[in-house]
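This report concerns only the one structure given below.
Throughout, numbering of the chain's residues begins at 1 and tracks the sequence.
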Amino acid sequence: MKALLELFVGDPQADRAVPPTGMTARLTVFVAAVMAFLAIISLALSGSAGRVADRWADELAQSSTLRLPSDGAQADALLVSALEVLQTTPGVQRVRALSPDEQQALLEPWFGPDLPLDTLPIPQLIEIIADDDGYDAEGLRARLAAQVPGAVLDDHTSWRAPLLAAASRVRLIGWAVILLIAAVIAAMITLAAQASLAANAQVIRVLRLVGARDVYIARAFVRRFTLRAGLGAVGGVIIGLLALQLMPDSDGVGGLITNIGFVGVGWIWPLLIPPLSAIVAFVATRRAAFARLREQT
């Protein structure tokens, strides 16, 4: 508690060793603000992309498609047999045969709006919605092979795997960016602290002459740069959150990326970024200060 109080209150005499203004002060606040802003944007984008991929993967996990052969003579009989098999399959919640208009809408992006379905051998599609427990895909394929020859079941497994992998990689990239931002903050704070120590070498010699220990001198640098980094990060977080509010809504981007920002417990990250930045600055400044003071001995 005493160390925490000293961090915020400080020592006026020791604080004279660190200039309250100047290039190092402005640079420290600026870098901390920019890095916090980038951290907010990176976390928001990676979290939003991950949520979209997870939602799509969940939707694909519950939906499947059955494709019936385009046999004009037996089309109705195949459809009746397929629906009977699906409706008696455990784990299948709902089945629905797509209408000609729906099938044309699916093919329109590829073949244009004037596709003559009645003159083309278009297979009949059936939408399958599974319940929470799902169904046995291999068992259903075996039943379909026996009762509905030529039917092809697509359970979207080939689509789900890339989406889940993409969500995992997006989150991994987000964490990598956060680590890089922390490294940049540490490097910049270290350079700024070393420059400030070098510029105040004469003041440090005077403090040593009157009996000040290196711990006493370093504490002033650690306090000043820690508070600068923390305050700069607060400003960067606020600017980042305001920038997220200016992002277009889901309707404006076709729903590809929706609700860019933080959801639920994800809001803890904007609160943690300033103290984490201050901790990084504390460690970096402390190491830089003691290393520089040893060189000036």
Check whether any side-chain heavy atom of [X] sits under 4.5 Å from a side-chain heavy atom of [Y], and report yes or no.
{"X": "Val148", "Y": "Leu66", "result": "no"}
{"X": "Gln87", "Y": "Val92", "result": "no"}
{"X": "Val152", "Y": "Leu68", "result": "no"}

If you draw the axis of the six-membered ring of Phe30, does the NZ or CZ of Arg26 fall within 45° of it and under 6.0 Å from the ring centre?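 Output no; distance or angle outside limits.
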For the residue pair Phe262 and Trp267, categorise the inter-ring angle as parallel (less than 30°), tilted (30 to 60°) or perpendicular (more than 60°).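 Answer is tilted, since the angle falls between 30° and 60°.
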Could you walk me through whether Val85 and Leu140 pass the side chain to side chain contact (heavy atoms under 4.5 Å, CB included) test, one step at a time? CA-CA 8 Å; Val85 171; Leu140 178 57; 3.8 Å; yes
Looking at [X] and [Y], what are the two nearest heavy atoms and their distance?
{"X": "Ala36", "Y": "Ala233", "answer": "CB-O, 3.4 Å"}
{"X": "Ala278", "Y": "Gly230", "answer": "CB-CA, 4.3 Å"}
{"X": "Pro274", "Y": "Val234", "answer": "CB-CG2, 3.7 Å"}
{"X": "Ala284", "Y": "Ala186", "answer": "CB-O, 3.7 Å"}

Supply the atom-to-atom distance [X] [atom1] to [Y] [atom2], rounded to the nearest 0.5 angstrom.
{"X": "Ser81", "Y": "Gln147", "atom1": "OG", "atom2": "CD", "answer": "7.5 Å"}
{"X": "Ile238", "Y": "Leu242", "atom1": "CD1", "atom2": "CG", "answer": "7.5 Å"}
{"X": "Leu153", "Y": "Ile128", "atom1": "CG", "atom2": "CD1", "answer": "5.0 Å"}
{"X": "Leu276", "Y": "Ile178", "atom1": "CG", "atom2": "CD1", "answer": "9.5 Å"}
{"X": "Leu27", "Y": "Met188", "atom1": "CG", "atom2": "CE", "answer": "4.0 Å"}
{"X": "Leu45", "Y": "Ile40", "atom1": "CG", "atom2": "CD1", "answer": "11.0 Å"}

[X] atom [atom1], over 12 foreign heavy atoms within 6.0 Å:
{"X": "Arg287", "atom1": "CZ", "result": "no"}
{"X": "Arg213", "atom1": "CZ", "result": "no"}
{"X": "Ile268", "atom1": "CD1", "result": "no"}

Ser46 vs Ile173, test: side chain to side chain contact (heavy atoms under 4.5 Å, CB included). Steps then yes/no. CA-CA 8 Å; Ser46 63; Ile173 291 174; over 6 Å; no
Just checking, is any N or O donor in the side chain of Thr89 or Arg143 under 3.5 Å from an acceptor N or O on the other one?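 On atom types as modelled, these side chains qualify, holding a pair under 3.5 Å.
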Given Leu83 and Ile126, is the side chain to side chain contact (heavy atoms under 4.5 Å, CB included) satisfied, shown in steps? CA-CA 8 Å; Leu83 292 176; Ile126 300 176; 4.1 Å; yes
Would Leu98 and Glu127 count as a side chain to side chain contact (heavy atoms under 4.5 Å, CB included) if you check the C-alpha gap in whole Å, the side-chain angles of each, and the deciding distance to 0.1 Å? CA-CA 7 Å; Leu98 272 64; Glu127 181 186 31; 3.9 Å; yes
